[in-house]
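Presented below is the structure to which this report refers.
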2 protein chains.
Amino acid sequence: MRNLKYAILGIINRKPSTGYDITKEFNDSLVEFWYAKHSQIYPELKKLTDEGLILFETIIQGEKLEKKLYTITEKGKKSLQKWLEKDEPLEPTPKDIFKLRAYFADEMDKDILLKQFKSQLNKHMERLSYLKDGMDELSKKKEIAKVSSPGFGDYIVLNGAIMREKNYIEWLEDCIEKIID
Amino acid sequence: MRNLKYAILGIINRKPSTGYDITKEFNDSLVEFWYAKHSQIYPELKKLTDEGLILFETIIQGEKLEKKLYTITEKGKKSLQKWLEKDEPLEPTPKDIFKLRAYFADEMDKDILLKQFKSQLNKHMERLSYLKDGMDELSKKKEIAKVSSPGFGDYIVLNGAIMREKNYIEWLEDCIEKIID
DNA sequence: TACACCATGTAAGGTGTTACATGATTTG
DNA sequence: CAAATCATGTAACACCTTACATGGTGTA
């Protein structure tokens with residue numbers, strides 16, 4: 001466990017960051033497979049500092065705004081590396097509220113059921129389109145699709161998200177077909 | 001929120017059940033999209049009883065083993081129905097620890113990275129095979145693939161799980177190819 | 001009679017969300 | 001100069017996991 005710990009460690013390892021930066025990173029780039037609110041991040045940063053895995057430098061922005069720029073320590077790098085090398089059993093399948101509803105489909109009025117699926121389809125199509133835009137931007141910005149290039153991680157996970165959305169859409173369309181006839 | 005509440009309500013609505021039954025149901029049938037431990041279920045059952053959404057009958061098994069068979073009330077059915085009809089915004093994408101690791105791929109030694117992906121591939125192939133077996137069994141047992149038939153919910157979500165696993169496997173294979181060359 | 005499984009609960013602690021709280025800087 | 005964004009934190013509460021705790025039933 002302690003996954004947030006390693007998520008933060010990994011981000012700081014990529015580039016020294018403030019708590020605010022990390023929050024943004026989570027809710028922009030990583031949001032397709034990890035996220036956290038700032039209320040969880042700041043206490044965790046304190047904890048990691050106490051554990052000697054990161055350290056910070058106070059920076060004054062403008063006149064008096066203090067911000068803490070965190071850097072990973074050698075100890076932190078070792079800890080991260082160890083976590084990256086771990087090969088653990090598969091996590092339980094993530095929870096999916098829509099599928100939970102779908103499981104109770106035979107209790108639902110057919111029209112409502114259809115409306116539900118169509119609405120869900122819409123939302124996932126929007127998300128897919130958003131992700132595709134992200135991919136266009138990424139391929140402009142970075143040299144991707146090559147291991148050890150710094151954009152490789154970004155590329156494969158974004159590609160994974162696109163594949164996942166396409167697949168979910170396929171499933172929804174399949175269900176809609178079955179509901180109709 | 002209060003999703004566990006509705007998950008339990010839905011299960012009891014399908015068929016009167018004990019806490020033990022519900023626990024098994026979660027960890028057998030529903031595990032691909034929802035689950036909970038008994039330590040979460042028993043307190044929730046108490047809560048739902050207090051709210052008048054379910055009620056129980058004490059049954060003696062054998063000589064003296066007491067078990068509580070829960071049944072949904074009219075109030076409970078209304079509450080469930082209302083939840084089933086809700087159309088809420090998309091949940092954030094579920095967290096995926098493996099993708100979190102993958103995001104930090106450029107920090108990893110290429111051999112270790114490859115081993116990670118191959119191991120992950122193995123595990124997902126096993127899960128897929130397990131799910132396919134489940135589908136074979138389900139199609140023997142019930143009349144499925146028809147809305148309003150009682151097996152329809154079971155069928156579409158199991159089918160969704162199979163599709164999801166196939167897709168994840170495809171992504172892993174794609175990544176492995178990219179890592180190799 | 002031992003072992004697997006049935007059956008129900010509580011306690012402690014970790015993880016995550018929402019709301020509260022405050023203030024500075026940048027940009028239009 | 002107003003609004004958006006930058007920046008950091010705490011408190012209360014909800015959700016979830018692990019471990020503790022106890023005892024009955026069925027079957028080989």
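The chains referred to below are lettered A, B, ... by the order of the sequence lines, with proteins before strands, and numbering in each begins at 1. Since we're looking at a predicted model, the values are computed, not measured.
Contact check, A:K68 against D:dA7: no side-chain N or O comes under 4.0 Å of OP1 or OP2. Residue A:K46 places at least one side-chain N or O under 4.0 Å from the OP1 or OP2 atom of D:dT10. Between B:K95 and C:dG16 there is a side-chain polar atom (N or O) within less than 4.0 angstrom of OP1 or OP2.
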Scoring nucleotides 22-28 of chain D by protein non-hydrogen atoms under 4.0 Å (B base, S sugar-phosphate only, - none) yields -BSS---
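Between B:I176 atom CD1 and B:L113 atom CG the span is 9.5 Å, to the nearest 0.5 Å. Once rounded to the nearest 0.5 Å, the distance linking NE2 of B:H124 with CG of B:N122 reads 10.5 Å. Of the inter-residue distances, the one linking A:R2 atom CZ with A:E44 atom CD reads 5.0 Å to the nearest 0.5 angstrom.
Here the C1' atom of nucleotide D:dT8 and the CG atom of A:L45 are 10 Å apart, to the nearest Å. Atom CD1 of B:I22 and atom P of C:dG9 are 11 Å apart (whole Å). The nearest whole Å value for the distance from the NE2 atom in A:H38 to the P atom in D:dC6 is 14 Å.
Comparing atom distances between the B:R2 side chain and each of C:dA19, C:dA7, D:dC15 picks out D:dC15 as nearest. When each of C:dA11, C:dG16, D:dG9 is scored by its nearest atom to the side-chain atoms of A:Y42, the top-ranked nucleotide is D:dG9. Across D:dT17, C:dA7, C:dT17, the shortest atom-to-atom separation from the side chain of B:D21 is found for C:dA7. When the nucleotides C:dC6, C:dG16, D:dC15 are ranked by their closest atom to the side chain of A:Q40, C:dG16 comes out on top.
Classified by interplanar angle (parallel below 30°, tilted 30° to 60°, perpendicular above 60°), the ring pair B:F98/B:Y168 is tilted.
Note on B:T18: only backbone sugar-phosphate atoms sit closer than 4.0 angstrom, heavy atoms only; bases stay farther off. Residue-level contact check: B:F56 touches neither bases nor backbone, having no heavy atom under 4.0 Å from any strand. Heavy atoms of B:K5 sit nowhere under 4.0 angstrom from any nucleic acid atom.
Side chain to side chain, B:T93 and A:E32 meet the donor-acceptor criterion of an N or O pair below 3.5 Å.
Nearest-nucleotide positions on DNA chain D place A:K67 closer to the 5' end than the other of A:M1 and A:K67.
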